Trainee: 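Quick one: the structure is below, and I'll ask about it shortly.
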Amino acid sequence: MATNDTLGGTRLGSDDAAGGTRGTTTIADTVVATIAGIAVRETDGVHRVGTGPSRAFGAVKDKVSRSSDPGRGIKVEVGTKQTAVDVGIVVEYGVPILDTARAIRANVTDAVETMTGLDVVEININVLDVHVPGSDDDEDEDEETSAGSPRVQ
């Protein structure tokens with residue numbers, strides 16, 4: 001968790017220069033993960049974020065809470081002035097993976113540094129799979145179909 005002090009260290013905003021209130025601003029790890037997750041998902045060439053088990057657990061969690069978690073599939077380590085991000089992705093077939101990785105790093109760095117004032121020192125990207133257009137997008141639907149009906153008629 002990052003704690004930024006307006007008197008020293010990393011300043012968030014210019015309240016101090018304008019004679020505003022002095023104090024601390026604390027940024028939770030989940031906030032940084034959410035910002036990074038949204039930035040990754042907005043990158044062209046990214047089909048999905050996270051590993052199979054994290055997506056499955058997240059889908060159940062989303063149904064129970066009736067909301068989605070944009071930080072799912074993102075791991076962050078947040079210090080007082082810096083942060084590091086780890087992300088696992090599934091890319092679209094035909095998209096240059098290195099270009100996609102560069103775009104992810106640029107998007108995440110821009111979003112996190114702009115919104116939090118933390119320096120992004122590292123973004124590790126694990127490409128877990130390639131999504132082929134036309135293949136079944138929802139593995140859950142396949143499992144439900146095969147469990148509910150016979151394979152042959």
Side-chain angles (χ1 to χ4, degrees), residues 1-133 135 137-141 143:
M1 189 174 301
T3 303
N4 296 318
D5 180 345
T6 57
L7 294 176
T10 303
R11 287 184 30 202
L12 297 179
S14 58
D15 290 343
D16 205 29
T21 307
R22 296 179 183 189
T24 60
T25 302
T26 304
I27 301 171
D29 295 2
T30 55
V31 171
V32 176
T34 298
I35 293 167
I38 292 169
V40 169
R41 285 172 177 81
E42 289 177 345
T43 306
D44 290 337
V46 175
H47 178 69
R48 278 191 295 237
V49 178
T51 61
S54 75
R55 286 194 314 266
F57 176 73
V60 171
K61 183 179 166 187
D62 292 349
K63 286 181 183 179
V64 171
S65 67
R66 296 183 184 194
S67 67
S68 63
D69 178 13
R72 182 183 337 128
I74 308 290
K75 293 180 184 176
V76 298
E77 185 177 333
V78 180
T80 56
K81 297 180 184 181
Q82 298 176 330
T83 187
V85 179
D86 296 330
V87 58
I89 61 168
V90 176
V91 297
E92 293 288 346
Y93 176 78
V95 176
I97 294 173
L98 293 179
D99 292 346
T100 302
R102 283 186 199 104
I104 288 170
R105 286 187 177 96
N107 289 351
V108 169
T109 299
D110 184 50
V112 171
E113 288 182 353
T114 299
M115 294 183 71
T116 66
L118 296 168
D119 291 324
V120 178
V121 294
E122 183 176 85
I123 301 173
N124 297 313
I125 300 169
N126 295 314
V127 180
L128 305 168
D129 202 357
V130 175
H131 174 258
V132 179
S135 66
D137 289 338
D138 290 328
E139 297 166 5
D140 295 337
E141 288 179 10
E143 291 172 9

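None of these values were measured; they are calculated from a predicted model. Atoms considered below: every heavy atom in the structure, side chains included; atoms not considered: hydrogens, waters and symmetry mates. Sequential numbering from 1 along the given sequence is applied to the chain's residues.
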Trainee: For residues 91-99, dump all side-chain donor-acceptor pairs below 3.5 Å to protein atoms at least two apart in sequence or in another chain.
Mentor:
from, atom 1, to, atom 2, distance (Å)
Glu92, OE1, His131, ND1, 3.2
Glu92, OE2, His47, ND1, 2.8
Asp99, OD1, Arg102, NH1, 2.9

Trainee: Examine distances only and state if a side-chain atom of Thr83 and a backbone atom of Gly79 form a donor-acceptor pair shorter than 3.5 Å.
Mentor: no
Trainee: Would you say Ile35 and Thr116 make side-chain contact, with heavy atoms under 4.5 Å?
Mentor: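 Of all side-chain heavy-atom pairs linking Thr116 with Ile35, at least one is under 4.5 Å.
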Trainee: Between Gly50 and Leu128, what is the shortest heavy-atom contact and its length?
Mentor: O-CD1, 3.4 Å
Trainee: Can a donor-acceptor pair be found, under 3.5 Å and without considering hydrogens, that links the side chain of Arg105 to the backbone of Ile123?
Mentor: yes
Trainee: So, for Ile74 and Ala36, which heavy atoms are closest and what is the spacing to 0.1 Å?
Mentor: CG2-CB, 4.0 Å
Trainee: Work out which heavy atom in Ala84 is nearest to a heavy atom in Val121; give both atom names and the distance.
Mentor: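 Where Ala84 meets Val121 most closely, the heavy atoms are CB-CG2, 4.5 Å.
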Trainee: Tell me, which pairs form a salt bridge (charged side-chain N to carboxylate O under 4.0 Å, His left out) where one or both residues lie in residues 108-126, sequence neighbours left out?
Mentor: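 Every candidate salt bridge (charged side-chain N to carboxylate O under 4.0 Å, His left out) pair involving residues 108-126 fails, so no pair, neighbours aside, qualifies.
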Trainee: Let me confirm one number: the CG-CG distance from Asn126 to Asp86, rounded to the nearest 0.5 Å.
Mentor: 7.0 Å
Trainee: When Val127 is tested against each of Ile89, Val87, Val90 for side chain to side chain contact (heavy atoms under 4.5 Å, CB included), which residue passes?
Mentor: Ile89
Trainee: Listed by chain and number, what are the side-chain hydrogen bond (donor to acceptor under 3.5 Å, both in side chains) partners of Thr109, not counting sequence neighbours?
Mentor: none
Trainee: Any chance you could measure Thr43, atom OG1, to Ile104, atom CD1, to the nearest 0.5 Å?
Mentor: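 One finds 5.0 Å between OG1 of Thr43 and CD1 of Ile104.
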Trainee: Distance check, rounded to the nearest 0.5 Å: Asn107 atom CG versus Asp44 atom CG?
Mentor: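 Taking CG in Asn107 and CG in Asp44, the distance rounds to 8.5 Å.
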